[in-house]
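The chains referred to below are lettered A, B, ... by the order of the sequence lines, with proteins before strands, and numbering in each begins at 1. Every heavy atom of this structure was used, including side-chain atoms; hydrogens, water molecules and symmetry mates were not.
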Amino acid sequence: MSSILRSSQLRNNVWSSFPVRFLKQQAGLSTAKLLGSRSCEIRHFTTQVQDLGKQVVDTATVLIFDVETTGFFHKDHRIIEFALYDLSGGKNSTFETLVNPERTVPNHVARVHNIGTGLVCRPDIPRFSDVIPLLLAYVRSRQAHGKPILWVAHNAKQFDARFLAQEFDRCSAPIPADWLFFDTLVLAKKMVKAEGKKRPTNLEALREHYGICSNGTAHRAMRDVMILGQVFQKMTFDLKLTYKELMNEAMRASEFSNVS
DNA sequence: TCAGAAGTATGTCTGTTGGT
DNA sequence: ACCAACAGACATACTTCTGA
């Protein structure tokens, strides 16, 4: 495996403590004190994370993930960047890698995420078949014994989960049966409907709605993952979603069986 | 009892939305 | 650029109610 993959896949960054460990570190501090800081990280945490967030994190491993691809259509296009973040935080809570799609990246798509053919179609960039064993090992290392993995993405149902399933299928690798997929777009639509208002439900709109600051390039996988991690917790809090309801909404990989 | 109006349920079509 | 899901608008069918 290339050194690039080794160095990028388990890269920790300043967000690696987000959010549970951070809260534990901040235990005893008042909400006012938390809110008082101008720190981006601190501003995201008032009192909202404790209930469902902790309940879910304690009951399943929640992995927020995002993929960048060569296009929209999972049957024709390929993943070129993969990022995930383990909501329980701690050391090595992120996994991020570029992926060699073994095909060109259309210019109109490259303009979206700034990942062009020259960046990923190189021998030192791993193919998804190289990434799968590392990903499986990484997920196993984060998984609590006997507890499922809950993969969370925005528009997972139509996009991210399908691409992931498609890539596993291409490599004839089965997706573990205890991997469940949750779509935050469905949640966002429910929330907007419950409000009786009409506003966009895309990730950028949700980020603005919750006043989440962003750093990094738009439409890059890890940046979107970090935003979604915060949006997910805030939405589940707003909707007073129980762990049971969350798991009921989750889909199994077999539900993307039209992958062929 | 019958005709017509009103209300409800269901199906179809179209436009919008979300992801890169 | 593609595809699927969804919401809303609209049409149609059916049921219920009212008055003659």
*Do A/His77 and A/Thr69 have a side chain donor and acceptor closer than 3.5 Å?*
no
_Once side-chain contact (heavy atoms from CB on, under 4.5 Å) is applied, do any residues pair with A/Ala153, and if so which ones, sequence neighbours excluded?_
A/Phe65, A/Ala156, A/Asp160
*Take the protein atom CD1 of A/Ile79 and the nucleotide atom C1' of B/dT20, then report the distance between them rounded to whole Å.*
11 Å
N/O to N/O distances under 3.5 Å, protein versus nucleotides 17-19 of chain B:
{"residue": "B/dG18", "atom": "OP1", "partner": "A/Thr201", "partner atom": "N", "Å": "2.3"}
{"residue": "B/dG18", "atom": "OP1", "partner": "A/Thr201", "partner atom": "OG1", "Å": "2.8"}
{"residue": "B/dG18", "atom": "OP1", "partner": "A/Asn202", "partner atom": "N", "Å": "2.9"}
{"residue": "B/dG19", "atom": "OP1", "partner": "A/Leu203", "partner atom": "N", "Å": "3.0"}
{"residue": "B/dG19", "atom": "O4'", "partner": "A/Asn155", "partner atom": "ND2", "Å": "3.1"}

*Can a salt bridge be assigned to the pair A/Glu204 and A/Arg223 using a cut-off of 4.0 Å between side-chain N and carboxylate O?*
yes
*asked:* Once side chain to side chain donor-acceptor pair (under 3.5 Å) is applied, what residue pairs with a partner in residues 98-108 of chain A remain, sequence neighbours excluded?
replied: none
*Find the distance A/Lys190:NZ to C/dC6:P and express it as a whole number of Å.*
10 Å
*Tell me: CG of A/Asp76 to P of C/dA4, nearest whole Å?*
12 Å
*Over how many whole Å does the gap from A/His74 atom NE2 to C/dC3 atom P extend?*
9 Å
*Starting from P on C/dC2, measure out to NE2 on A/His77 and report it in whole angstrom.*
10 Å
_Between A/His113 and A/Arg220, do the side chains contain a donor N or O and an acceptor N or O under 3.5 Å apart?_
no
*Give the ring-plane orientation class for A/Trp151 versus A/Phe181, where under 30° counts as parallel, over 60° as perpendicular and anything between as tilted.*
parallel
